[in-house]
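Heavy-atom basis, side chains included; hydrogens, waters and symmetry copies ignored.
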Amino acid sequence: MKIQPDEISSILKTKINDFKFEIDVSETGKVVQVGDGIARIYGLDNVMAGEMISFPSGVIGMALNLEEDNIGCIIFGETHKIQEGDIAKRTEKILQVPVGDKMLGRVVNALGHPIDGKGDIEADENFAVERKALGIIQRQPVIEPLQTGLKSIDSMIPIGRGQRELIIGDRQTGKTAIAIDTIINQKGSDVNCVYVAIGQKKSSVAKIVKTLEEHDAMEYTTIVAATASESASLQYIAPYTGCSIGEYFRDKGEHSLIIYDDLSKHAVAYRELSLLLRRPPGREAYPGDVFYLHSRLLERASKLNDDLGGGSLTALPIIETQADDITAYIPTNVISITDGQIYLGSRLFNSGIRPAINAGLSVSRVGGNAQIKAMKSVVGKLRLNLAQYNELKAFAKFGSDLDKTTQDQLRRGERLVEILKQDQYSPLPVAKQIFIIFMANEGFLDEVEIENVLKVEEELFNTLDTEYKEFMESMVKDKINDEMKEAMREICKKVMKKF
C-alpha cells in the first residue's frame, strides 16, 4: 500500500498525539552480597525498618538492618533465586499478612499463605506483622476465666482471658499436650484459636492437625507453621504473623487464644539472623535485644476495655528447658514477661503423673480473679493439702513410725495426686472438675484403694451425666453455699455405696 505524501504529516500527528511514555518510578538498589538467607543491598537510602523489598525473581525480603552504606535484608523464600547485581525495589509497605474469619480451619505459612492444599484464602483485610501493643488505658484487668479443661490447671493455676501464661519444661514432658487440650476444650465456646509451630518437624505439625480434626477443633483454629526445614527468617516472623491473625478477632470484640510452640526455637532463629547480619552478640551469643524480641510479642496479648469491644487475646507461650534448668537466659527472660508459669517436671512425668504439673513451682499471677466462684470455694484446701503431702512424703521415706494424723494426710495427698491425673485429649467441663475435687477434699476417697480412685471418678461422672444435669448447671453459676454442699455430699455418698 502506497502512502501519499500529504498523508504522512497527518499520520505523524496522530502518532505523536497517541504516544504514551510510561515510566516506572521506584527506588531501587543493587544486591552486593547474598547468602544464608541474608542479602546486603547498596542504595535504597529512604527505606523504612521492617519494609518489604521485592527482588526480580518474585522473592520478597524485609529490611532489618539500616546501615550507613548498605541495608541488611532478610529473605522470605529461596536465597538461590537472588544473585549479586540483582535490582532490589522498595515496596513502601511494612510487611503485612492476610487476616479474617476465612483463616479459621486453615494451615498457613509464616507469611499467611495457605499450605494445606485447600486453595486460596479470601482475606477480609491485611494487618501489619509488627503492631504496637496497646496502652494501659485501652485495657482492662483480667477477670474472665479461660477454661483449659485440665483439673490441675483450672483449680490451682487458673488462666484468664487476656493473660499470658508460660508453659515451661524439658522436652517430652507434655507441654504441647496441654496446649492442644486447651484448644480442644474451647469447642462450643466463643474462643478462636491460633497455634504457631516454630521449628518443629513437618510430621509433628501434621499430627497436630490430624488430632484437632478428629476432635472437630480445626473449624475454630488457624495453624501457622514455620517448620524446621524452613529458613530462620520465616521462623522468626511466624509468631508475629500468628499474633496479627489473633488480634483481628480481639479487635472485633471476640476472644482468641494463641499458642507459641516454642519461643526457645524462635530465639535461636533470631540469634542466627542477628549473627549473619553482624549484630554484636551478647550473653550466650544472643543479640542484646532478645528480651525485647519476646516482650513486644507477648505484650500484644490483652483484654480490651468495653469501649473497644471487650475482646481478648490470651497467649500461652511454650519454652523448652535443658535438664529442668529454669534459671537459664531465655527461660528467665520469658518468665519475667508473662503473668505466671505452668512448670512441667520430667521426674513427675516419668513417675506416671500426667499432666506432670509441679504445683509448687507453678503460679498464676492473676490467680483467683480468673476463677469462677464455685471453683474458688472448693480449691482452697487443695493447694495446702498437696503442699503438706509433698513435704510429709519426703519424711515418710525415712521409715520411722508415723502418727495417725500424718498417715491420714499422706493418704489424702495420694488420692489428690491421683484425681489430678488426666488422659490426653479428654478435657473436663468445669462442673465435673469441681465435683471430683470436692469429693477428695471432703475425705470420701480416703478409704478407697488407690487403684480404684479412677473407677470412683468414672462412676461419679456417669451419675452426674444421667441424673444431675440441671444441678451441675446451677452449681457453676454462683458460689457454693452450705445447702449445695449438703446436696453434693449426698451425691458423693450415693456413688460411694457402690464401692
Side-chain angles (χ1 to χ4, degrees), residues 95-114 121 123-134 138-140 142 144 146-148 159-167 176 179-180 182-187 189-198 205 208-209 212 217-226 236-263 266 293-305 308-318 334 337-339:
L95 188 64
Q96 292 182 329
V97 287
V99 296
D101 293 322
K102 300 271 172 68
M103 299 296 276
L104 296 174
R106 302 300 298 266
V107 184
V108 298
N109 67 8
L111 298 172
H113 303 150
I121 299 172
D124 296 352
E125 52 187 304
N126 288 332
F127 273 12
V129 165
E130 293 263 12
R131 300 176 82 218
K132 194 165 178 277
L134 291 167
Q138 287 107 327
R139 301 173 180 234
Q140 61 173 307
V142 175
E144 212 180 328
L146 181 114
Q147 304 294 352
T148 64
I159 298 171
R161 292 184 176 183
Q163 191 177 343
R164 298 147 306 174
E165 183 80 8
L166 173 64
I167 301 172
T176 303
I180 298 303
T182 306
I183 291 178
I184 292 170
N185 194 53
Q186 304 316 311
K187 187 176 173 182
S189 76
D190 54 351
V191 180
N192 296 310
C193 305
V194 182
Y195 176 86
V196 184
I198 308 158
V205 179
I208 287 166
V209 175
L212 291 175
M218 221 31 222
E219 58 200 48
Y220 53 86
T221 307
T222 305
I223 292 182
V224 180
Y236 154 68
I237 212 75
Y240 300 99
T241 297
C243 195
S244 292
I245 293 169
E247 280 178 332
Y248 168 81
F249 299 110
R250 181 201 68 185
D251 295 349
K252 255 176 45 170
E254 296 177 13
H255 301 282
S256 51
L257 164 73
I258 185 159
I259 286 142
Y260 304 111
D261 193 2
D262 64 86
L263 290 186
H266 182 232
L293 172 82
H294 288 151
S295 64
R296 71 175 192 260
L297 173 69
L298 293 170
E299 268 310 310
R300 287 164 68 178
S302 57
K303 173 104 172 80
L304 301 189
N305 64 27
L308 292 172
S312 71
L313 175 63
T314 312
L316 295 182
I318 294 177
V334 182
I337 300 165
T338 49
D339 311 315

Student check: side-chain heavy atoms of Thr338 and Glu165 closer than 4.5 Å | no

Over all atoms of both residues, closest heavy-atom pair of Val142 and Arg161 | CG1-O, 3.5 Å

Could you go step by step and tell me if Glu247 and Val99 meet the side chain to side chain contact (heavy atoms under 4.5 Å, CB included) rule?
-> CA-CA 9 Å; Glu247 280 178 332; Val99 296; over 6 Å; no

Quick one: are Leu146 and Leu257 in side-chain contact, heavy atoms under 4.5 Å?
-> yes

Heavy atoms of Ala110 and Thr241 approach each other most closely as O-OG1, 2.6 Å

Kindly indicate whether the side chain of Glu254, heavy atoms from C-beta on, has any atom under 4.5 Å from the side chain of Asp190.
-> no

Only counting residues at least two apart or in another chain, list the ones meeting side chain to side chain contact (heavy atoms under 4.5 Å, CB included) with Ala315.
-> Arg164, Ile258, Tyr260, Leu298, Ala301, Pro317

Tell me, do Leu308 and Arg139 make a side-chain contact under 4.5 Å, heavy atoms counted?
-> no

Closest approach of Ile198 to Pro239 (non-hydrogen atoms, all atoms of both residues) | CD1-CG, 3.9 Å

One should read off an interatomic distance between Tyr195 OH and Thr221 OG1, to the nearest 0.5 angstrom, of 11.5 Å

Gap between atom CD1 of Ile245 and atom SG of Cys193 - 0.5 Å precision = 13.0 Å

The ring pair (Phe, Tyr, Trp, His ring centres under 6.0 Å) partners of His255 (sequence neighbours excluded) come to none

Is Tyr248 close to Asn192 at the side-chain level, that is, under 4.5 Å between some pair of heavy atoms?
-> no

Student check: side-chain heavy atoms of Arg131 and Cys243 closer than 4.5 Å = no

Kindly indicate, with the supporting measurements, whether the criterion side chain to side chain contact (heavy atoms under 4.5 Å, CB included) is fulfilled by Leu293 and Leu297.
-> CA-CA 7 Å; Leu293 172 82; Leu297 173 69; over 6 Å; no

Audit row: Ser244, Gln96, side chain to side chain contact (heavy atoms under 4.5 Å, CB included) steps and yes/no | CA-CA 9 Å; Ser244 292; Gln96 292 182 329; over 6 Å; no

Atom pair CG (Leu316) and CG (Asp262), whose distance is rounded to the nearest 0.5 Å = 13.5 Å

Under the 3.5 angstrom rule, does the side chain of Lys303 hit a backbone N or O of Leu313 as a donor-acceptor pair?
-> no

What closest approach, in Å, do Ala225 and Val205 show between heavy atoms, and which atom pair accounts for it?
-> CB-CG1, 4.1 Å

Decide yes or no on side chain to side chain contact (heavy atoms under 4.5 Å, CB included) for Ile121 and Met103, but give the supporting numbers first.
-> CA-CA 7 Å; Ile121 299 172; Met103 299 296 276; 3.7 Å; yes

With the threshold set at 4.0 Å, does a side-chain nitrogen-carboxylate oxygen contact exist between Asp124 and Lys252?
-> no

Can you find a pair of side-chain heavy atoms, one from Ser312 and one from Gln163, that are under 4.5 Å apart?
-> no

First locate atom OG1 of Thr176, then atom CD1 of Ile183, and finally report the distance between them rounded to the nearest 0.5 Å.
-> 10.0 Å

Using the ring of each side chain (for Trp, its six-membered ring), is Tyr236 parallel, tilted or perpendicular to His266, with breaks at 30° and 60°?
-> parallel

How close do Asn109 and Val224 get, heavy atom to heavy atom, and via which atoms?
-> O-CG1, 3.8 Å

Pairwise distance OH(Tyr240) to CZ(Arg300) - rounded to 0.5 angstrom | 8.5 Å

What's the spacing between Thr182 OG1 and Ile159 CD1 if we round to 0.5 Å?
-> 6.0 Å

Close side-chain approach of Phe127 and Asp251, heavy atoms under 4.5 Å | yes

